[in-house]
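Accompanying notes for the structure given below.
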2 protein chains.
Amino acid sequence: MFESTKLLRTHGIPVTAQRLAVLRAIREQPHGTAEAIAEEVRSKIGSISKQSIYNTLGSFVEKGLLRRIQPAGSPALYEGRVGDNHHHLICRACGKTVDVDCAVGKKPCLTAANDAGFVIDEAEVIYWGTCPACLVTTTK
Amino acid sequence: MFESTKLLRTHGIPVTAQRLAVLRAIREQPHGTAEAIAEEVRSKIGSISKQSIYNTLGSFVEKGLLRRIQPAGSPALYEGRVGDNHHHLICRACGKTVDVDCAVGKKPCLTAANDAGFVIDEAEVIYWGTCPACLVTTTK
DNA sequence: GTCAAGTTTTGGACTCAGTCCAATTTATTG
DNA sequence: CAATAAATTGGACTGAGTCCAAAACTTGAC
(Lines give C-alpha, C1' and ligand atoms only; values in the text may rest on other atoms or scores of the structure.)
Protein backbone atom coordinates (compact mmCIF):
# COMPACT_ATOMS: atom_id res chain seq x y z
CA MET A 1 0.00 0.00 0.00
CA PHE A 2 1.24 3.45 -0.83
CA GLU A 3 2.33 5.91 1.79
CA SER A 4 -0.29 8.43 0.76
CA THR A 5 -3.06 5.90 1.08
CA LYS A 6 -1.92 5.04 4.57
CA LEU A 7 -1.71 8.73 5.46
CA LEU A 8 -5.31 9.31 4.44
CA ARG A 9 -6.56 6.20 6.23
CA THR A 10 -4.86 7.12 9.48
CA HIS A 11 -6.64 10.45 9.31
CA GLY A 12 -9.98 8.81 8.63
CA ILE A 13 -10.20 10.36 5.18
CA PRO A 14 -11.75 8.17 2.45
CA VAL A 15 -9.19 7.41 -0.23
CA THR A 16 -9.97 8.74 -3.69
CA ALA A 17 -7.91 9.19 -6.83
CA GLN A 18 -8.31 12.96 -6.55
CA ARG A 19 -7.04 13.12 -3.00
CA LEU A 20 -4.04 10.93 -3.75
CA ALA A 21 -3.21 13.09 -6.75
CA VAL A 22 -3.48 16.29 -4.70
CA LEU A 23 -1.12 14.82 -2.13
CA ARG A 24 1.27 13.96 -4.90
CA ALA A 25 1.00 17.40 -6.49
CA ILE A 26 1.86 19.07 -3.20
CA ARG A 27 5.10 17.11 -3.10
CA GLU A 28 6.11 18.56 -6.47
CA GLN A 29 4.99 22.11 -5.69
CA PRO A 30 6.26 23.25 -2.32
CA HIS A 31 4.19 26.46 -2.47
CA GLY A 32 1.47 26.05 -5.07
CA THR A 33 -1.80 27.88 -5.59
CA ALA A 34 -5.05 25.94 -5.82
CA GLU A 35 -4.97 26.50 -9.57
CA ALA A 36 -1.37 25.32 -9.93
CA ILE A 37 -2.14 22.22 -7.92
CA ALA A 38 -5.22 21.57 -10.04
CA GLU A 39 -3.06 21.73 -13.17
CA GLU A 40 -0.52 19.39 -11.66
CA VAL A 41 -3.29 16.97 -10.72
CA ARG A 42 -4.81 17.14 -14.20
CA SER A 43 -1.49 16.29 -15.77
CA LYS A 44 -1.52 13.11 -13.70
CA ILE A 45 -5.12 11.90 -13.59
CA GLY A 46 -6.70 13.77 -16.50
CA SER A 47 -9.11 16.07 -14.74
CA ILE A 48 -10.42 17.40 -11.46
CA SER A 49 -13.11 19.95 -10.72
CA LYS A 50 -12.44 23.27 -9.10
CA GLN A 51 -14.73 22.32 -6.27
CA SER A 52 -12.85 19.12 -5.51
CA ILE A 53 -9.59 21.00 -5.38
CA TYR A 54 -11.01 23.38 -2.81
CA ASN A 55 -12.75 20.60 -0.86
CA THR A 56 -9.62 18.53 -0.75
CA LEU A 57 -7.20 21.29 0.09
CA GLY A 58 -9.62 22.64 2.68
CA SER A 59 -10.07 19.35 4.48
CA PHE A 60 -6.34 18.63 4.38
CA VAL A 61 -5.70 21.97 6.01
CA GLU A 62 -8.29 21.17 8.66
CA LYS A 63 -6.69 17.81 9.41
CA GLY A 64 -3.28 19.37 9.63
CA LEU A 65 -1.87 17.65 6.57
CA LEU A 66 -1.33 20.94 4.79
CA ARG A 67 -0.79 24.52 5.69
CA ARG A 68 -2.47 27.38 3.88
CA ILE A 69 -0.81 30.76 3.55
CA GLN A 70 -2.56 33.77 2.11
CA PRO A 71 -0.10 36.49 1.16
CA ALA A 72 -1.39 39.92 0.22
CA GLY A 73 -2.11 40.25 -3.48
CA SER A 74 -1.82 36.54 -4.22
CA PRO A 75 -4.19 33.60 -4.18
CA ALA A 76 -3.72 31.18 -1.29
CA LEU A 77 -0.66 28.94 -1.33
CA TYR A 78 -0.58 25.43 0.08
CA GLU A 79 2.44 23.71 1.52
CA GLY A 80 3.18 20.28 2.86
CA ARG A 81 5.62 21.32 5.55
CA VAL A 82 3.54 21.35 8.72
CA GLY A 83 4.01 20.92 12.43
CA ASP A 84 6.82 23.40 12.83
CA ASN A 85 6.61 27.11 13.32
CA HIS A 86 8.28 28.31 10.18
CA HIS A 87 7.57 31.49 8.29
CA HIS A 88 7.84 32.78 4.74
CA LEU A 89 9.91 35.10 2.70
CA ILE A 90 8.24 36.36 -0.47
CA CYS A 91 9.68 38.28 -3.42
CA ARG A 92 7.58 41.35 -4.20
CA ALA A 93 8.67 41.22 -7.82
CA CYS A 94 8.14 37.60 -8.83
CA GLY A 95 6.28 36.03 -5.92
CA LYS A 96 8.99 33.46 -5.23
CA THR A 97 8.30 32.03 -1.77
CA VAL A 98 10.81 30.35 0.50
CA ASP A 99 10.58 28.97 4.01
CA VAL A 100 12.47 30.58 6.85
CA ASP A 101 12.75 29.36 10.39
CA CYS A 102 11.53 31.50 13.19
CA ALA A 103 14.07 34.26 13.81
CA VAL A 104 13.91 34.12 17.57
CA GLY A 105 14.23 30.46 18.48
CA LYS A 106 11.38 28.09 19.06
CA LYS A 107 8.02 29.77 19.57
CA PRO A 108 8.53 33.17 21.14
CA CYS A 109 6.65 34.71 18.29
CA LEU A 110 3.48 34.00 20.18
CA THR A 111 4.15 36.75 22.67
CA ALA A 112 2.87 40.13 21.61
CA ALA A 113 3.94 43.22 23.50
CA ASN A 114 0.39 43.83 24.66
CA ASP A 115 -2.27 41.30 23.93
CA ALA A 116 -5.37 43.39 24.68
CA GLY A 117 -6.90 40.40 26.42
CA PHE A 118 -6.81 38.21 23.32
CA VAL A 119 -5.87 34.55 23.48
CA ILE A 120 -3.29 34.27 20.72
CA ASP A 121 -2.95 30.96 18.94
CA GLU A 122 -0.70 31.78 16.03
CA ALA A 123 1.85 34.33 14.95
CA GLU A 124 2.02 34.63 11.20
CA VAL A 125 5.16 36.24 9.87
CA ILE A 126 5.79 37.17 6.26
CA TYR A 127 9.05 38.74 5.22
CA TRP A 128 8.71 40.84 2.08
CA GLY A 129 11.66 41.62 -0.12
CA THR A 130 13.39 40.97 -3.39
CA CYS A 131 14.87 37.64 -4.38
CA PRO A 132 18.40 37.32 -5.79
CA ALA A 133 17.19 36.85 -9.36
CA CYS A 134 14.97 39.93 -9.30
CA LEU A 135 17.69 41.98 -7.62
CA VAL A 136 19.86 41.43 -10.68
CA THR A 137 17.24 42.49 -13.19
CA THR A 138 16.04 45.56 -11.27
CA THR A 139 19.48 47.02 -10.55
CA LYS A 140 20.55 46.74 -14.18
CA MET B 1 -6.99 76.14 6.11
CA PHE B 2 -7.75 72.69 7.37
CA GLU B 3 -5.08 70.28 8.48
CA SER B 4 -6.08 67.73 5.90
CA THR B 5 -5.82 70.23 3.09
CA LYS B 6 -2.34 71.15 4.21
CA LEU B 7 -1.40 67.48 4.45
CA LEU B 8 -2.44 66.83 0.86
CA ARG B 9 -0.73 69.97 -0.43
CA THR B 10 2.56 69.12 1.25
CA HIS B 11 2.43 65.76 -0.46
CA GLY B 12 1.70 67.35 -3.81
CA ILE B 13 -1.72 65.74 -4.02
CA PRO B 14 -4.50 67.86 -5.56
CA VAL B 15 -7.18 68.58 -2.99
CA THR B 16 -10.63 67.21 -3.73
CA ALA B 17 -13.72 66.74 -1.62
CA GLN B 18 -13.38 62.98 -1.97
CA ARG B 19 -9.81 62.91 -0.73
CA LEU B 20 -10.59 65.10 2.24
CA ALA B 21 -13.53 62.92 3.13
CA VAL B 22 -11.44 59.75 2.88
CA LEU B 23 -8.88 61.27 5.20
CA ARG B 24 -11.62 62.13 7.60
CA ALA B 25 -13.17 58.68 7.40
CA ILE B 26 -9.85 57.06 8.25
CA ARG B 27 -9.73 59.05 11.45
CA GLU B 28 -13.08 57.57 12.51
CA GLN B 29 -12.27 54.03 11.44
CA PRO B 30 -8.87 52.94 12.68
CA HIS B 31 -9.00 49.71 10.64
CA GLY B 32 -11.61 50.04 7.93
CA THR B 33 -12.14 48.15 4.70
CA ALA B 34 -12.43 50.05 1.43
CA GLU B 35 -16.16 49.44 1.56
CA ALA B 36 -16.51 50.65 5.15
CA ILE B 37 -14.56 53.78 4.33
CA ALA B 38 -16.72 54.37 1.26
CA GLU B 39 -19.83 54.17 3.45
CA GLU B 40 -18.33 56.57 5.96
CA VAL B 41 -17.45 58.97 3.15
CA ARG B 42 -20.94 58.72 1.66
CA SER B 43 -22.48 59.59 5.00
CA LYS B 44 -20.48 62.81 4.88
CA ILE B 45 -20.42 63.97 1.28
CA GLY B 46 -23.29 62.03 -0.24
CA SER B 47 -21.55 59.73 -2.65
CA ILE B 48 -18.26 58.44 -3.96
CA SER B 49 -17.50 55.89 -6.63
CA LYS B 50 -15.81 52.59 -5.97
CA GLN B 51 -13.00 53.57 -8.29
CA SER B 52 -12.30 56.80 -6.43
CA ILE B 53 -12.10 54.96 -3.16
CA TYR B 54 -9.51 52.61 -4.58
CA ASN B 55 -7.62 55.40 -6.37
CA THR B 56 -7.51 57.50 -3.27
CA LEU B 57 -6.60 54.78 -0.82
CA GLY B 58 -4.02 53.44 -3.24
CA SER B 59 -2.27 56.76 -3.75
CA PHE B 60 -2.35 57.51 -0.03
CA VAL B 61 -0.66 54.20 0.64
CA GLU B 62 1.95 55.01 -2.00
CA LYS B 63 2.65 58.40 -0.47
CA GLY B 64 2.92 56.89 2.97
CA LEU B 65 -0.15 58.58 4.41
CA LEU B 66 -1.87 55.25 4.99
CA ARG B 67 -0.93 51.69 5.56
CA ARG B 68 -2.69 48.78 3.94
CA ILE B 69 -2.97 45.42 5.65
CA GLN B 70 -4.37 42.37 3.94
CA PRO B 71 -5.27 39.66 6.42
CA ALA B 72 -6.18 36.21 5.14
CA GLY B 73 -9.89 35.82 4.48
CA SER B 74 -10.66 39.51 4.73
CA PRO B 75 -10.68 42.44 2.36
CA ALA B 76 -7.81 44.88 2.78
CA LEU B 77 -7.85 47.18 5.80
CA TYR B 78 -6.49 50.71 5.83
CA GLU B 79 -5.06 52.49 8.83
CA GLY B 80 -3.75 55.95 9.51
CA ARG B 81 -1.04 54.95 11.95
CA VAL B 82 2.09 54.94 9.84
CA GLY B 83 5.80 55.40 10.28
CA ASP B 84 6.27 52.96 13.11
CA ASN B 85 6.79 49.25 12.93
CA HIS B 86 3.67 48.02 14.65
CA HIS B 87 1.83 44.81 13.99
CA HIS B 88 -1.70 43.48 14.30
CA LEU B 89 -3.72 41.15 16.41
CA ILE B 90 -6.87 39.84 14.77
CA CYS B 91 -9.78 37.90 16.25
CA ARG B 92 -10.56 34.81 14.19
CA ALA B 93 -14.18 34.91 15.29
CA CYS B 94 -15.23 38.53 14.76
CA GLY B 95 -12.35 40.11 12.85
CA LYS B 96 -11.64 42.70 15.51
CA THR B 97 -8.22 44.15 14.80
CA VAL B 98 -5.95 45.88 17.29
CA ASP B 99 -2.47 47.30 17.00
CA VAL B 100 0.42 45.75 18.87
CA ASP B 101 3.93 47.01 19.11
CA CYS B 102 6.77 44.91 17.89
CA ALA B 103 7.43 42.17 20.43
CA VAL B 104 11.17 42.34 20.24
CA GLY B 105 12.11 45.98 20.52
CA LYS B 106 12.62 48.35 17.66
CA LYS B 107 13.09 46.68 14.30
CA PRO B 108 14.68 43.30 14.81
CA CYS B 109 11.84 41.67 12.99
CA LEU B 110 13.67 42.38 9.78
CA THR B 111 16.21 39.67 10.45
CA ALA B 112 15.15 36.27 9.23
CA ALA B 113 17.08 33.21 10.33
CA ASN B 114 18.22 32.55 6.79
CA ASP B 115 17.42 35.05 4.10
CA ALA B 116 18.19 32.90 1.03
CA GLY B 117 19.89 35.91 -0.57
CA PHE B 118 16.76 38.06 -0.47
CA VAL B 119 16.90 41.73 0.42
CA ILE B 120 14.16 42.02 3.02
CA ASP B 121 12.36 45.33 3.34
CA GLU B 122 9.48 44.50 5.62
CA ALA B 123 8.45 41.96 8.22
CA GLU B 124 4.71 41.64 8.41
CA VAL B 125 3.43 40.05 11.59
CA ILE B 126 -0.15 39.09 12.27
CA TYR B 127 -1.15 37.52 15.56
CA TRP B 128 -4.26 35.39 15.27
CA GLY B 129 -6.44 34.62 18.24
CA THR B 130 -9.72 35.24 19.98
CA CYS B 131 -10.73 38.57 21.44
CA PRO B 132 -12.12 38.91 24.98
CA ALA B 133 -15.70 39.34 23.79
CA CYS B 134 -15.62 36.23 21.59
CA LEU B 135 -13.91 34.23 24.33
CA VAL B 136 -16.95 34.75 26.51
CA THR B 137 -19.48 33.65 23.92
CA THR B 138 -17.54 30.58 22.73
CA THR B 139 -16.78 29.16 26.18
CA LYS B 140 -20.42 29.39 27.27
C1' DG C 1 -11.15 86.14 -12.35
C1' DT C 2 -10.74 83.26 -16.51
C1' DC C 3 -8.78 79.61 -19.43
C1' DA C 4 -6.16 75.76 -20.88
C1' DA C 5 -4.03 71.51 -19.58
C1' DG C 6 -3.76 67.77 -17.03
C1' DT C 7 -5.88 65.05 -13.17
C1' DT C 8 -9.74 63.00 -10.87
C1' DT C 9 -13.99 61.12 -10.67
C1' DT C 10 -17.68 58.30 -12.54
C1' DG C 11 -20.07 54.23 -13.71
C1' DG C 12 -20.20 50.20 -16.04
C1' DA C 13 -17.99 46.10 -17.77
C1' DC C 14 -14.89 42.80 -16.48
C1' DT C 15 -11.54 39.50 -13.98
C1' DC C 16 -10.07 36.48 -10.56
C1' DA C 17 -10.39 33.56 -6.53
C1' DG C 18 -13.37 31.27 -4.15
C1' DT C 19 -18.18 29.54 -2.53
C1' DC C 20 -22.89 27.48 -3.03
C1' DC C 21 -25.91 24.11 -4.67
C1' DA C 22 -28.24 19.96 -6.64
C1' DA C 23 -27.36 15.86 -9.10
C1' DT C 24 -24.35 12.09 -10.00
C1' DT C 25 -20.72 9.05 -8.88
C1' DT C 26 -17.74 6.68 -5.66
C1' DA C 27 -15.79 4.60 -1.24
C1' DT C 28 -16.77 2.24 2.77
C1' DT C 29 -19.26 -0.78 6.06
C1' DG C 30 -22.01 -4.83 7.17
C1' DC D 1 -22.63 -7.48 -3.01
C1' DA D 2 -26.01 -4.00 -1.38
C1' DA D 3 -26.94 0.12 1.34
C1' DT D 4 -25.45 4.34 3.02
C1' DA D 5 -22.90 8.06 3.55
C1' DA D 6 -19.45 10.81 1.52
C1' DA D 7 -16.96 12.83 -2.47
C1' DT D 8 -17.09 14.72 -7.06
C1' DT D 9 -18.95 17.37 -10.75
C1' DG D 10 -20.24 21.49 -13.25
C1' DG D 11 -22.58 25.49 -13.43
C1' DA D 12 -24.33 29.60 -11.24
C1' DC D 13 -23.03 32.96 -8.17
C1' DT D 14 -20.48 36.34 -4.94
C1' DG D 15 -17.08 39.71 -3.30
C1' DA D 16 -13.11 42.36 -3.92
C1' DG D 17 -10.74 44.66 -6.90
C1' DT D 18 -9.20 46.36 -11.75
C1' DC D 19 -9.82 48.40 -16.46
C1' DC D 20 -11.60 51.72 -19.46
C1' DA D 21 -13.56 55.90 -21.76
C1' DA D 22 -16.16 59.97 -20.91
C1' DA D 23 -17.34 63.80 -18.04
C1' DA D 24 -16.09 66.78 -14.24
C1' DC D 25 -12.89 68.82 -11.64
C1' DT D 26 -8.03 71.38 -9.74
C1' DT D 27 -4.44 73.82 -10.62
C1' DG D 28 -1.22 77.19 -12.55
C1' DA D 29 -0.62 80.88 -15.87
C1' DC D 30 -2.28 84.87 -17.61
Side-chain angles (χ1 to χ4, degrees), chain A residues 1-2 4-23 25 29 31-42 44-63 65-66 68-78 95, chain B residues 1-2 4-23 25 29 31-42 44-63 65-66 68-78 95:
Chain A
M1 186 188 284
F2 293 114
S4 302
T5 303
K6 222 179 289 178
L7 182 64
L8 292 178
R9 289 257 158 79
T10 60
H11 281 83
I13 306 172
V15 178
T16 66
Q18 289 83 345
R19 295 214 248 244
L20 290 173
V22 166
L23 239 26
Q29 303 225 350
H31 298 103
T33 61
E35 182 51 34
I37 292 164
E39 274 315 308
E40 181 66 35
V41 167
R42 287 191 191 109
K44 293 296 191 311
I45 65 167
S47 80
I48 190 170
S49 71
K50 192 165 42 146
Q51 188 60 61
S52 289
I53 285 290
Y54 285 108
N55 282 351
T56 306
L57 293 173
S59 69
F60 285 0
V61 168
E62 258 180 42
K63 305 274 185 191
L65 271 58
L66 251 47
R68 178 195 280 130
I69 56 183
Q70 285 163 268
S74 148
L77 304 177
Y78 296 84
Chain B
M1 186 190 284
F2 294 114
S4 302
T5 305
K6 223 179 290 178
L7 182 64
L8 293 177
R9 288 258 159 77
T10 60
H11 281 83
I13 306 172
V15 178
T16 66
Q18 289 81 348
R19 296 213 250 244
L20 290 174
V22 166
L23 238 25
Q29 302 224 350
H31 298 103
T33 62
E35 182 50 33
I37 291 164
E39 274 314 309
E40 181 64 35
V41 167
R42 285 189 192 112
K44 292 298 192 307
I45 65 166
S47 80
I48 190 169
S49 71
K50 190 162 47 142
Q51 188 60 60
S52 289
I53 285 291
Y54 285 108
N55 283 352
T56 305
L57 293 172
S59 68
F60 285 179
V61 168
E62 257 180 41
K63 304 275 184 189
L65 270 57
L66 253 47
R68 179 195 279 129
I69 57 183
Q70 285 163 270
S74 149
L77 304 178
Y78 296 85

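In this text, all values refer to a predicted model and were calculated from it rather than measured experimentally. A, B, ... follow the sequence lines: proteins, then strands. Residue 1 opens every chain.
When the P atom of D:dG10 is taken as reference, atom CD1 of A:Ile53 falls 13 Å away, rounded to whole Å. Rounded to whole Å, the distance from CG on A:Asn55 to C1' on C:dT26 is 14 Å. Rounded to an integer number of Å, the gap from CZ of A:Arg19 to C1' of C:dT25 is 14 Å. The interatomic distance linking A:Gln18 (CD) with D:dA6 (P) rounds to 17 Å, in whole Å. Look at NZ on B:Lys63: it is 12 Å from C1' on C:dT7, rounded to the nearest Å. Distance, A:Glu62 CD to D:dA7 P: 11 Å, rounded to whole Å.
Within the model, atoms OG of B:Ser74 and CD1 of B:Ile69 stand 8.0 Å from one another, a figure rounded to the nearest 0.5 Å.
A:Ala25 approaches A:Val41 most closely through the heavy-atom pair CB-CG2, 4.0 Å. Among all heavy-atom pairs drawn from A:Ser4 and A:Leu20, the shortest one is CB-CD2, 3.6 Å. Nearest heavy atoms, B:Leu77 versus B:Pro71: CD1-CG, 4.1 Å. Smallest separation of non-hydrogen atoms from A:Gln70 and B:Ala72: OE1-CB, 3.3 Å.
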Open item on the list: Using the rule given for side-chain contact (heavy atoms from CB on, under 4.5 Å), can you reason through A:Phe60 versus A:His11, listing the C-alpha separation, both sets of side-chain angles and the distance that settles it, and then say yes or no?
Closed with: CA-CA 10 Å; A:Phe60 285 0; A:His11 281 83; over 6 Å; no
TODO: For side-chain contact (heavy atoms from CB on, under 4.5 Å), just list the numbers for B:Ile37 and B:Thr56, CA-CA rounded to whole Å, side-chain angles, deciding distance to a tenth of an Å, and then say yes or no.
DONE: CA-CA 11 Å; B:Ile37 291 164; B:Thr56 305; over 6 Å; no
- [ ] Go through the steps for A:Val15 and A:Arg19 under the test side-chain contact (heavy atoms from CB on, under 4.5 Å), then give the verdict.
- [x] CA-CA 7 Å; A:Val15 178; A:Arg19 295 214 248 244; over 6 Å; no
- [ ] Let me have a per-nucleotide readout for nucleotides 15-28 of chain D, 5' to 3', with B, S or -, counting only protein heavy atoms under 4.0 Å.
- [x] -SBBBB-----SS-
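Side-chain nitrogen and oxygen atoms of A:Ser49 include none within less than 4.0 Å of the OP1 or OP2 phosphate oxygen of D:dG10. One finds no side-chain N or O of B:Ser52 lying less than 4.0 angstrom from the OP1 or OP2 phosphate oxygen of C:dT8.
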Just distance, no hydrogens or angles: give the donor-acceptor pairs under 3.5 Å from side chains in residues 44-51 of chain A, sequence neighbours left out.
unit_1: A:Lys44; atom_1: NZ; unit_2: A:Glu40; atom_2: OE2; d: 2.9
unit_1: A:Ser49; atom_1: OG; unit_2: A:Ser52; atom_2: N; d: 3.1
unit_1: A:Ser49; atom_1: OG; unit_2: A:Ser52; atom_2: OG; d: 3.2
unit_1: A:Gln51; atom_1: NE2; unit_2: A:Asn55; atom_2: OD1; d: 2.9

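Direction change of the helix axis from one end of the helix from C:dG1-D:dC30 to C:dG30-D:dC1 to the other is 40°, with five pairs defining each end axis (rounded to 10°).
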